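Hydrogens, waters and symmetry mates are skipped; everything else that's a heavy atom, side chains included, is used. Quick caveat: nothing in here was measured; it's all calculated off a predicted structure.
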Amino acid sequence: QVQLVESGGGLVQAGGSLRLSCAASGRTVSSYAMGWFRQAPGKEREFVAGISWDSSRTLYADSVKGRFTISRDNAKNTVYLQMNSLKPEDTDVYYCAARSNFAVVVTPTRYDYWGQGTQVTVSS
């Protein structure tokens with residue numbers, strides 16, 4: 001079993017930055033693809049960014065491309081999401097996910113483990 005714990009969310013003004021962290025425990029996720037998703041109440045979970053097991057491939061939603069950066073530190077069993085130039089429409093609960101496969105994908109149902117989420121609120 002893999003447990004994922006997100007941190008780093010909060011309230012920030014538009015144009016500001018936040019860095020989310022996702023710490024994994026239970027087993028190493030160094031061979032897992034990892035992803036960040038977000039979800040607003042009453043809406044479907046949306047892919048934000050993903051990274052392959054060795055960081056050789058990253059994927060981003062068009063809405064965050066050029067503003068968000070996903071990275072990982074396998075020695076620390078941790079994945080990060082650096083969010084810059086934040087907009088009010090980025091306000092959501094952000095979830096970290098792990099997939100017991102090397103390749104990164106955008107479909108949430110293909111991820112095996114999920115964190116509890118961290119709230120990001122961007123004020124205008």
Review point. In Å, rounded to the nearest 0.5 Å, how long is the span from CE of Met83 to CZ of Arg19?
Key: 11.5 Å
Review point. Mind checking whether Tyr95 and Trp114 have parallel, tilted or perpendicular rings, split at 30° and 60°?
Key: perpendicular
Practice item. Taking all non-hydrogen atoms of both residues into account, name the closest pair between Ala24 and Leu4 and its distance. Key: CB-CD2, 3.6 Å
Revision key, fill the gap. Shortest non-hydrogen pair, Asn74 vs Ser30, comes out as ND2-O, 3.6 Å
Check your understanding: Between atom CD of Gln119 and atom OG1 of Thr91, what is the distance when rounded to the nearest 0.5 Å?
Key -> 7.0 Å
Check your understanding: If Ile, Leu, Val, Met, Phe, Trp and Tyr residues are connected whenever their side-chain heavy atoms lie under 4.5 Å apart, and connections chain through other members, are Leu20 and Val12 in the same group?
Key -> yes
**Study point:** Cluster link Val29 to Val48, ILVMFWY, side chain under 4.5 Å
**Key:** yes
Review point. Linking I/L/V/M/F/W/Y whenever their side-chain heavy atoms sit closer than 4.5 Å, directly or via other members, would Leu18 and Tyr80 fall into one cluster?
Key: no
Check your understanding: Under the 3.5 angstrom rule, does the side chain of Glu6 hit a backbone N or O of Gln116 as a donor-acceptor pair?
Key -> yes
Exercise for review: Assess the side chains of Arg99 and Tyr111: does a donor N or O sit below 3.5 Å from an acceptor N or O?
Suggested key: no
**Study point:** Side-chain donor/acceptor of Asp73 to backbone N/O of Thr78, under 3.5 Å
**Key:** no
Practice item. Measure the spacing between CD of Gln82 and OG of Ser21 and express it to the nearest 0.5 Å. Key: 9.5 Å
Review point. Should Val104 and Val64 be regarded as members of a common hydrophobic cluster, given that ILVMFWY residues are connected when their side-chain heavy atoms come within less than 4.5 Å of each other, either directly or indirectly?
Key: no
**Study point:** Spatial distance of atom CH2 (Trp53) from atom OG (Ser100) [nearest 0.5 Å]
**Key:** 15.0 Å
Review point. Going hydrophobic residue to hydrophobic residue with side-chain gaps under 4.5 angstrom, can you get from Ile51 over to Val106?
Key: no
Point to revise | Arg67 versus Ser85, closest heavy-atom pair with distance | key: NH1-O, 2.9 Å
Point to revise | Residues Asp62 and Lys65 bridged, charged N to O under 4.0 Å | key: yes
Revision key, fill the gap. Heavy-atom closest pair (Ser25 atom, Asn77 atom, distance to 0.1 Å) is N-ND2, 4.4 Å
Check your understanding: Would you find more than 12 non-hydrogen atoms of other residues, nucleotides or ligands less than 6.0 Å from Arg27 atom CZ?
Key -> no
Exercise for review: Spell out, as yes or no, whether a donor-acceptor pair under 3.5 Å connects the side chain of Thr118 to the backbone of Tyr94.
Suggested key: no
Review point. Judged by atom type as modelled, is there a donor-acceptor pair below 3.5 Å linking the side chain of Arg38 to the main-chain atoms of Val120?
Key: no
Practice item. May I have the step-by-step check of side chain to side chain contact (heavy atoms under 4.5 Å, CB included) for Tyr113 and Tyr32, ending in yes or no? Key: CA-CA 10 Å; Tyr113 304 100; Tyr32 287 30; 3.9 Å; yes
Point to revise | Ion pair check, Lys43 and Asp92, cut-off under 4.0 Å | key: no
Check your understanding: Looking only at heavy atoms, which two atoms of Phe102 and Ser31 are closest? And how far apart?
Key -> CD2-O, 3.1 Å
Review point. So, the side chain of Arg72 versus the backbone of Ser52: is there a donor-acceptor pair under 3.5 Å, distance only?
Key: yes
Point to revise | Distance, nearest 0.5 Å, that separates CD of Gln1 from CG of Asp112 | key: 9.5 Å
Exercise for review: Flag yes if more than 12 heavy atoms outside Glu89 fall under 6.0 Å of its CD atom; otherwise flag no.
Suggested key: yes
Practice item. Using modelled atom types only, decide if a donor and an acceptor are shared between the side chain of Asn84 and the backbone of Gly66 within a distance under 3.5 Å. Key: no
Practice item. State, to 0.1 Å, how close Ala103 and Ala33 come at their nearest heavy-atom pair, and which atoms those are. Key: O-CB, 3.2 Å
Review point. Checking side chain to side chain contact (heavy atoms under 4.5 Å, CB included) for the pair Leu86/Gln13: CA distance, chi angles, key distance, verdict?
Key: CA-CA 8 Å; Leu86 282 161; Gln13 288 189 330; over 6 Å; no
Point to revise | pair Tyr60-Thr69: side-chain heavy atoms closer than 4.5 Å | key: yes
Exercise for review: Supply the atom-to-atom distance Lys87 NZ to Ser124 OG, rounded to the nearest 0.5 angstrom.
Suggested key: 14.0 Å
